[in-house]
Amino acid sequence: MASAVKIFQIPPHFSFKLDKPLHSRYPIRCSVTRDSIAALTSNLNGAVKEDIKRASINFNEEKKRDKDFEEEKLEPLWDDGYGSQSVKDYLDYAKDIIQPDGGPPRWFTPISCGPHLRNSPVLLFLPGMDGLGLGLILHHKSIGKVFDVRCMHIPVQDRTPFQGLVEWVEETVKAEHSSSPNKPIYLVGDSFGGCLALSVAARNPKIDLVVILANPATSFGKSQLQPLLPLLEVLPNDLHITVPYLLGLVMGDPMKMAAVDINTVLPPTQYYEQLASNLVSLLPRLSGLADIIPKETLLWKLKLLKTAAGYANSRLHAITAEVLVLASGKDNMLPSRDEAGRLSRSIRNCKIRYFRDNGHTILLEDGVNLLTIIKGTCTYRCSRNRDYVKDFLPPSKSEFKAVEENGLFRNFVGPVILSTKEDGSIVRGLSGVPDEGPVLLVGYHMLMGLELAPLVEEFLREKKIMVRGIAHPTLFSDVVDGENKLFSYFDYIKLYGALPVSASNIFKLFATKSHVLLYPGGAREALHRKGEEYKLFWPDQPEFVRMAARFGATIVPFGVIGEDDIAELALDYDDLMRIPFLSDQIKRDNKQYESFNVRAGMSGEVANQKLYIPGLVPKIPGRLYYLFGKPIETRGKKEMLKDKEKAREVYMQIKSQVESNISYLLRKREEDPYRGLIDRTLYRVFNSPTDQVPTFEP
């Protein structure tokens, strides 16, 4: 067997420490036999009425099975390193690993992936037509933190047929599954690698696979490269040097590739100067593609693509894996948008995200963070069943930076956030909200949830605390994706901590000492009718108080106002139901949502949770105001667990405090000299834009 195994010699940026712990990395090996694959992997480490008792038992069992649950986790605003490497690095590194060594395909892990968290799932990257395995270079540092990454490398001179490659990847998948049968295995397939991933998934329907496809080449039969085959065969060798430049233009957007490491908040002059500089340094490197894909290899790869597409397409019906397709709107090589739609109709468990402005090499272009997409689509998990608490990955620095750079809404509404100290004094900022959890934030849900983004952002900015919002289950279903399938607002709220309402989820959040955001009024408040602004629609029963007392959680009531300064509710539910074609659509939609009704069986107005999109008329923005009331301690008050009257008394205290906070803000905002957008804009013109715009004296 020794003769079948060859150590993959690579330059320092792919080097490894061989004496590090088993949970981090392996030496890089390649193999073409079942025994050697086995040897390679032998070092792997080995709704509101739900029953609270059952949730407790399940949670404790999970903690016993995974002792590292609280020992190792990512902190909010962790450094994911996204943008620290670019296409220039890809082309530079490619020169080092294309030298022929006579070896077969093999796996390697770039050192830039770093050590991953314990219990991280394995991610196998299957490359595109280049075969290098460097297609994730922009994402190495981020995905390497939460995945055990292995990249497939196919040497330039390798001529393994497609089925041979499928069987080789399958060997690794089976070995990984045998070692950790309860963990998913991720297959990320780029273009040609997408055909490979789908083929492996079709052949292994009983293995828990998560397949992520970036512009898969299953539509190669409709590709613009098809007419090139006869031309390339007769092209003189001296002219092959021009092919890489043509392929570069077809496969990706050079502008987006060059913009990866540029700060988007730079003044336009500096931004375009840096973009021009990056382009000047990038374009000459494209000549290296002639060495990466010489003429004979290019002809072989194009024929291999045709075989791969046919093989994968004939087996789509057999795929049971969870599939996520990333499709570009400006793919000049493949009709990727149309192909994504076809795949979603052919594969039973398939989601799509479209990226209008990206080209074929989407994973090498600016504005596409693979880990962000995985998190926003709830595709990350470490076991067979997704756990919205245990599997949550907090926002990173680059993700938060992207939100701040596009903070148009925040600038328009100029949020004023106040909190109440233990002595009853009101101060600006969040110093009155406890840092140590568990903390339950309970408040009023404004029209369309306008208050959500500034609230979550401020907790991250000021305290580096991730607030986990309890959300309507509909937001986690396919019905909110819409027809365009873009990475949307609904994906962002998941990225920033939202999870579906259930007693089990709330239980787990309290048990992990989290900061939890709860709106008892739910959808009824957020989709209220005309004249109902700032009116609470809470249930009669103290649903959350006794659970909070069980964990000694601190409850912080809060009020928020400003929706009437942002937009006017022109068409509410009653108005829309008087319009025939709209009323029919609303009825059909709510029929779909029936299974997600968290207030089913309740009486009163709070149970009237009809979902719809109201008609809003924007105003020149005023301002949003938040007031977090004095914290209410439940630690040491376990009598509320049995005494329903005591729990109801605390519940009514919380509700009264929320109403008092709203009344206070409505009164005090009349004293704010910077309530209007124009006044705030003028203040920013004559002061630093980052200065906190003043408000009334609390």
### Query
Under 6.0 Å between ring centres, would you say that holds for Phe487 and Tyr492?
yes

Is the shortest side-chain heavy-atom distance between [X] and [Y] below 4.5 Å?
| X | Y | answer |
| --- | --- | --- |
| Ser502 | Tyr388 | no |
| Leu450 | Phe409 | yes |
| Val416 | Arg428 | yes |
| Ile373 | Leu324 | yes |
| Lys401 | Tyr82 | no |
| Glu457 | Arg410 | yes |
| Leu440 | Ile506 | no |
| Leu455 | Val560 | no |

### Query
Is there any salt bridge (Lys or Arg N to Asp or Glu O under 4.0 Å) pair reaching into residues 613-628, and which pairs are they, with sequence neighbours excluded?
Arg623-Asp672

### Task
Could I get the full list of side chain to side chain donor-acceptor pair (under 3.5 Å) partners for Tyr651, not counting sequence neighbours?
none

Give a yes or no on whether a salt bridge exists between [X] and [Y], defined as a side-chain N under 4.0 angstrom from a carboxylate O.
| X | Y | answer |
| --- | --- | --- |
| Arg675 | Glu670 | yes |
| Lys375 | Asp80 | no |
| Glu458 | Arg461 | yes |

Examine distances only and state if a side-chain atom of [X] and a backbone atom of [Y] form a donor-acceptor pair shorter than 3.5 Å.
| X | Y | value |
| --- | --- | --- |
| Asn505 | Pro500 | yes |
| Tyr444 | Asn661 | no |
| Ser583 | Pro580 | yes |
| Arg384 | Cys382 | no |
| Gln657 | Pro557 | no |
| Ser419 | Gly429 | yes |
| Lys494 | Leu475 | yes |
| Lys145 | Leu117 | no |
| Glu568 | Val617 | no |

### Residue from Asp208, Asp391, Asp387 passing salt bridge (charged side-chain N to carboxylate O under 4.0 Å, His left out) with Arg381
Asp208

### Message
Does Lys535, at its NZ atom, have more than 12 non-hydrogen atoms belonging to other residues, nucleotides or ligands within less than 6.0 Å?
### Response
no

### Task
Please indicate whether Ile613 has more than 12 foreign heavy atoms, meaning atoms of other residues, nucleotides or ligands, lying under 6.0 Å from its CD1.
no

#### Entry: Within 45° cone of Phe392 ring axis and under 6.0 Å: Arg468 NZ or CZ
yes

#### Entry: ring pair (Phe, Tyr, Trp, His ring centres under 6.0 Å) partner of His445, the single match among Trp538, Tyr519, Tyr534
Tyr519

## Note on the structure
Only residue of Val442, Val658, Val433, Leu517 satisfying side chain to side chain contact (heavy atoms under 4.5 Å, CB included) with Phe558 is Leu517

### Query
Of the non-hydrogen atoms in Ala503 and Met547, which two are nearest, and what is the gap between them?
O-CE, 3.8 Å

